[in-house]
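Contents: one structure, followed by commentary.
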Amino acid sequence: MKRIGKYILLGIITATVFCFGGCSSKKSSVAAGYEKAENKVEIKPANNFDGLSNSYTAWTDVKMPVKVCLSKPISLSASGTATMVKGESIGISVKVFGIEMASLYADEDSVYMIVKLNRIAYVESMEKFSSATGLCLADLQSIILGQAFAPGKGTITYKDANLFKISDSSNMWSFSPKKLPQGFGCIFSATGSKEGSMVPVLESLKVDMPGSRSIDCTFSGHSLTPGGMISESVDLKANVTSKPIECNLTWSMDKARWNRGISPNPPTVNPSYTRLSTTQLIKFIQNFQL
């Protein structure tokens, strides 16, 4: 039962990671099929941005297996399935031995976290999430797929170039939104080109929030999919509570089902479940002992 309890905590922490800013940072690896260029090609920053934004393809929905590995505050892992409708909803089911232990659902109105074995439920408004992180649902989808986004608008398009301050580097370059809520900072870093490909790829994201809280994300394993260029591995690190959260998401992109009209089902909260507030949820994580 203690082992099962660890997986239950995984569901809770995973929910906190997605809802209140958990993300990690490792040195990103070069994607399969790419190598660092010996002869660098000079590319103007605007063209870098256009190349990056044009690598993202419009998609409507996706269902894809995901493995979640925590290294902090505890070390463990579990597998699950994520189902998303672009800009509308996210559903993640975490299973142990094929049995659903925890689930997360978010749409434009609300965020839900359900831990079935412990009969715990967490429900919060998306508005509170947005005010706490400066991100909307579409931004969150971009993060977990490793795509750059314009805060509040989701994945970037070439038309968004004027919304960013773009660096003048031709290889590793960066860009930051010109307008952010007070107290927030955000910077993306990307690689200008790889040998054999002129497609820039997103390497990292850092978000600073009020109260010395921060999100760091590193993206690796870049591959072209029906949803455009996404990252197979997303390392996330969050300093949002007294205990840092570090986690990795690894997508099984070969098993992804794109644009099939699939959508996650909104959860039904059992009235007998104990409902946690955001404060209680964070306190539960801070006080947890193995």
Side-chain angles (χ1 to χ4, degrees), residues 3-24 59 61-86 88-107 110-124 129 137 140-147 217 219-221 223 225 227 230-238 245-258 260 262-270 273 276 281 284-285 288:
R3 180 176 177 84
I4 293 176
K6 292 180 182 180
Y7 284 103
I8 296 303
L9 181 68
L10 173 64
I12 294 175
I13 293 179
T14 301
T16 305
V17 165
F18 287 124
C19 296
F20 288 93
C23 290
S24 125
W59 57 276
D61 56 88
V62 64
K63 185 174 184 179
M64 184 163 41
V66 62
K67 184 176 181 180
V68 184
C69 296
L70 284 176
S71 54
K72 291 183 180 180
I74 57 177
S75 180
L76 48 88
S77 64
S79 297
T81 302
T83 305
M84 295 187 284
V85 177
K86 189 173 184 179
E88 295 182 10
S89 58
I90 300 174
I92 298 177
S93 173
V94 178
K95 295 184 178 181
V96 180
F97 306 124
I99 302 173
E100 185 178 67
M101 293 293 176
S103 63
L104 172 70
Y105 174 87
D107 57 26
S110 304
V111 177
Y112 295 81
M113 184 275 295
I114 309 292
V115 182
K116 291 185 176 180
L117 187 61
N118 285 19
R119 304 179 69 81
I120 291 173
Y122 169 76
V123 183
E124 189 53 85
F129 160 76
L137 182 71
L140 184 59
Q141 290 176 330
S142 298
I143 289 175
I144 62 179
L145 292 177
Q147 297 184 334
C217 307
F219 312 105
S220 58
S223 295
T225 73
I230 69 172
S231 299
E232 179 180 3
S233 180
V234 181
D235 287 300
L236 311 161
K237 181 178 181 180
I245 298 171
E246 294 188 12
C247 128
N248 169 270
L249 305 179
T250 302
W251 299 101
S252 297
M253 292 189 289
D254 59 329
K255 297 180 180 179
R257 299 168 61 189
W258 294 90
R260 304 285 185 87
I262 300 171
S263 60
N265 295 319
T268 300
V269 180
N270 190 311
Y273 281 20
L276 299 180
L281 178 63
F284 181 92
I285 295 171
F288 182 83

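Being a predicted model, the structure only gives us computed values, none of them experimental.
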[atom1]-[atom2] distance between [X] and [Y], expressed to the nearest 0.5 angstrom:
X	Y	atom1	atom2	answer
Ser223	Ile230	OG	CD1	7.5 Å
Asn265	Ser93	CG	OG	11.0 Å
Ile90	Leu137	CD1	CG	4.5 Å
Leu145	Trp59	CG	CH2	6.0 Å

Minimum heavy-atom separation for [X] to [Y], with atom names?
X	Y	value
Met64	Ser252	CG-O, 3.6 Å
Val234	Gly146	CG2-N, 4.5 Å
Pro267	Ile114	CB-CG1, 4.4 Å
Ser89	Gln141	O-NE2, 3.1 Å
Tyr112	Val123	CD2-CG2, 3.6 Å
Trp258	Thr225	CZ2-OG1, 3.5 Å

Checklist entry - Can you list the steps and then say if Thr81 with Val66 is a side-chain contact (heavy atoms from CB on, under 4.5 Å)? => result CA-CA 6 Å; Thr81 302; Val66 62; over 6 Å; no
Does [Y] offer a backbone N or O that forms a donor-acceptor pair with the side chain of [X] under 3.5 Å?
X	Y	value
Trp251	Ile144	yes
Gln147	Ser231	no
Asp61	Ile262	yes
Glu124	Met113	no

Paired with Asn248, the side chain to side chain contact (heavy atoms under 4.5 Å, CB included) test is passed by just one of Leu70, Asp235, Val68, namely Asp235
request  = List the steps and the verdict of side-chain contact (heavy atoms from CB on, under 4.5 Å) for Val115 and Tyr122.
outcome  = CA-CA 9 Å; Val115 182; Tyr122 169 76; over 6 Å; no
